[in-house]
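Letters A, B, ... mirror the listed sequences (proteins, then strands); counts begin at 1. Since the structure is predicted, the reported quantities are computational estimates derived from the model, not experimental observations. Below, all heavy atoms of this structure are taken into account, side chains as well, without hydrogens, waters or symmetry copies.
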Number of protein chains: 2
Amino acid sequence: MRRVAVVGIGQSKFGELWEKSFRDIVIEAGIEALEDANISGEEIEAIYVGNMSGGRYLAQEHIGALIADYSGLAELGIPSVRVEAADASGGVAFREAYLAVASGLYDIVIAAGAEKVTDVGAELAVDIMSSSADREWEYFVGATLPALYALIARVHMKEFGTKEEDMALVSVKNHKNAVKNPKAQFRREITVEDVLRSPYIAEPIKVLDSAPISDGAAVVILASEEIAKKLTDTPVYVSAVTQASDYLSLQSRKDLTSFRAAKMAAKKAYKLAKIEAKDVDVAEVHDSFTIAEIIAYEDLGFCEKGEGAKMIREGETEVGGRIPVNVSGGLKACGHATGATGVRQIVDLVRILRDGIADAETGLALNLGGTGATAVVSILRR
Amino acid sequence: MRRVAVVGIGQSKFGELWEKSFRDIVIEAGIEALEDANISGEEIEAIYVGNMSGGRYLAQEHIGALIADYSGLAELGIPSVRVEAADASGGVAFREAYLAVASGLYDIVIAAGAEKVTDVGAELAVDIMSSSADREWEYFVGATLPALYALIARVHMKEFGTKEEDMALVSVKNHKNAVKNPKAQFRREITVEDVLRSPYIAEPIKVLDSAPISDGAAVVILASEEIAKKLTDTPVYVSAVTQASDYLSLQSRKDLTSFRAAKMAAKKAYKLAKIEAKDVDVAEVHDSFTIAEIIAYEDLGFCEKGEGAKMIREGETEVGGRIPVNVSGGLKACGHATGATGVRQIVDLVRILRDGIADAETGLALNLGGTGATAVVSILRR
């Protein structure tokens, strides 16, 4: 496997994009990425697209071909592959694109992620997002995605003394970070009181513990080291992208206080990148619900098991802290356009590493599918 | 890229499988493939699953994780990736699995394809299958998948004198072949008169020109050459798997009488496999509608452009003819379980090559998505 770098990034705004179609936002992000990489579309050799549920949101499958067509790349006939792993679809697309370049098969490949969610309304969107869990054994008996995360939160609170206030702090931090992100959905600060006073969706999870439903697209362009060096003075190298699976339904898992797939993917990623958790300078993690960010600290080895809440309480993951997490605003405040999120995390990590924010040299992204049956961990270095 | 072989094949029956769930048929095919390869599940390192529309057929996304879970492989935590390219999903899954082994990343990988269609009824199934075409520019104005293929057939008839009788002959041949296939949906012969007397769906396409909607699953196990030689005396080597894209909607294409993506993928596959069209001994092609098989003969170079109808008229693609096509019965008679079809084609090619039917040494599969915006061509050799 040869070295691979990210040479271009692009992203649409995340949010309720009533005036734009799915096709529009993918192209918007794609053009931005091509301009950033300073290459033309003809140099792209393959496309991988992460999309969770085009079938239900748009009544459109064959999303890879759609994007090849609307981006003008169908004329070249290049392969375009849609991958789906619920809201880890973007992370999986990034991984497949990375492997396609690392293996030597292609020199320049696009990884895209996109979802247009809000057109269907919140009720149907929750139904669709809940199809990331086990439909027969979870959703059919009433367990939506928030309800499943509520179970996880309850167990974590019981085992480790994690409080609703701790979860609220995650939301407060991520909202604060999003103020500086022009692409974010919610660019306003909130307080712990705001979170605690917001209505319960599934106790102990409240509205302001939950990522919104969002429209959005993100694109990264990957290239071999040789080509990356010609294209840019600031390549960001991909040290590892790993993926692991866990049982789909919570009932089959031995432990609800951690995401086993995240731990497995992280362990393998650290090994491949030849680093340890303490070497990570900055991270984008999957805070679809605030409890998931607290668990991510533990699963990724940023702290000991059970000490995630302590980390947020002590400000270690704030910008300026030991390991800034979700500088973008995370899923909570930047927005969660399901299939796009995993690629959006990479876009933000690359931006942070290029700009030298907090002198960061090593960044990590953790993207989960549903309640963690799929996890993708990416490690990038400048 | 190193050599890769198929070492195990498995398939559920194709048809209206009322008594079985999506999960059941995937596991059934998977167990058959593992037994055929004489390995245990623990030796599998990754899973690629082709599935077109789990979201709409099953209200279930996250299909990769579902299959890892139900096959018992989630315990190992191995990556499981769903890919989607309409009814080319299976072909794309086979290609990604092939690349994962060819690149040296993994030694043993599963490519699966599955779809459970019939539970939703025919009307919704046609709607869902039509989402493989351009929803905004084709289906919303009334063009279902059969209507789009009817346009293609009309142009082919006008340009090259292809007759409805010629298309009927494809159906008759494929039904005849399916009689010998225990996994096929329709194991009975039909006559040209039966086809011509069947009702029009979209003139000139009739019911008996059209592949049925089917439930079904297929699994192949791929291994590196080194491992394949230890596992089996009859490895079937993968000489090439190529994929190409075309414009999604017909209005954007310059020529409706051929599938440009199929031609591009075939050209590249022949080059990689270092063979020519005349070296192909047997083929499984994408006869979602009978006109597509006639065009496939031309696109794959089995005959000159415009002479596809002549090939079927002269019996060249019958078993015993120059190049037997769809010995399995094809999509028309074996059945078309959308996401499974591309993998099912490989299962049948491997069976034919192993058994030495018609002394075949080189087999080719052509899998199309929708009206051909995605094409995957695979070449296998014993």
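With salt bridges taken as basic N to acidic carboxylate O contacts below 4.0 Å, one links B/E75 and A/K254.
Only the backbone of B/L58 comes within contact range of chain A, with at least one heavy atom under 4.5 Å from a heavy atom of that chain. Contacts between B/A133 and chain A at a heavy-atom distance below 4.5 Å involve the backbone alone (N, CA, C, O). Only the side chain of B/R23 comes within less than 4.5 Å of a heavy atom of chain A; its backbone N, CA, C and O stay farther away. Interface residue B/E96: only side-chain heavy atoms are found under 4.5 Å from chain A. Neither the backbone nor the side chain of A/R253 comes within contact range of chain B; no heavy atoms are under 4.5 Å apart.
Note that OG of A/S21 is 6.0 Å distant from CD of B/E136, once rounded to the nearest 0.5 Å. Expressed to the nearest 0.5 Å, how far CD1 of B/I78 lies from OG of A/S245 amounts to 6.5 Å. Between the OG atom in A/S249 and the CG atom in B/L66 there is a gap of 9.5 Å [rounded to 0.5 Å]. Within the model, atoms CG of B/L76 and CG of A/D246 stand 11.5 Å from one another, a figure rounded to the nearest 0.5 Å.
When B/S53, B/A261, B/A68 are compared by the number of non-hydrogen pairs under 4.5 Å with chain A, B/S53 comes out ahead. When each of B/S130, B/S103, B/P79, B/A102 is checked for heavy-atom pairs under 4.5 Å with chain A, B/P79 comes out on top. Your options are A/A65, A/S131, A/S252, A/A100, and the one with the most heavy-atom pairs under 4.5 Å with chain B is A/S131. In terms of heavy-atom pairs under 4.5 Å with chain A, the best-connected choice from B/A59, B/G55, B/S132 is B/A59. The most heavy-atom pairs under 4.5 Å with chain A, out of B/G77, B/A373, B/A244, come from B/G77.
Within the 4.5 Å cutoff, the side chain of B/D69 has no heavy atoms near those of the A/W137 side chain. Considering only heavy atoms from C-beta on, B/F22 stays 4.5 Å or farther from A/R135 through its side chain. Looking at B/Y139 and A/Q60, their side chains never come closer than 4.5 Å, going by heavy atoms from C-beta outward.
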Counting only pairs under 3.5 Å, give me each side-chain donor-acceptor contact of residues 80-93 of chain B, with atom names and distances, residues two or more places apart or in other chains.
unit_1: B/S80; atom_1: OG; unit_2: B/G64; atom_2: O; d: 2.7
unit_1: B/R82; atom_1: NE; unit_2: B/N51; atom_2: O; d: 3.1
unit_1: B/R82; atom_1: NH1; unit_2: A/E84; atom_2: OE1; d: 3.0
unit_1: B/R82; atom_1: NH1; unit_2: B/E61; atom_2: OE1; d: 2.9
unit_1: B/R82; atom_1: NH2; unit_2: B/N51; atom_2: O; d: 3.1
unit_1: B/R82; atom_1: NH2; unit_2: B/M52; atom_2: O; d: 3.0
unit_1: B/E84; atom_1: OE1; unit_2: A/H62; atom_2: N; d: 3.2
unit_1: B/E84; atom_1: OE1; unit_2: A/R82; atom_2: NH1; d: 3.0
unit_1: B/E84; atom_1: OE2; unit_2: A/H62; atom_2: N; d: 2.6
unit_1: B/E84; atom_1: OE2; unit_2: B/A86; atom_2: N; d: 2.7
unit_1: B/D87; atom_1: OD1; unit_2: B/G370; atom_2: N; d: 2.6
unit_1: B/D87; atom_1: OD2; unit_2: B/H286; atom_2: NE2; d: 3.1
unit_1: B/D87; atom_1: OD2; unit_2: B/H336; atom_2: NE2; d: 2.9
unit_1: B/S89; atom_1: OG; unit_2: B/A85; atom_2: N; d: 2.9
unit_1: B/S89; atom_1: OG; unit_2: B/A86; atom_2: O; d: 2.5

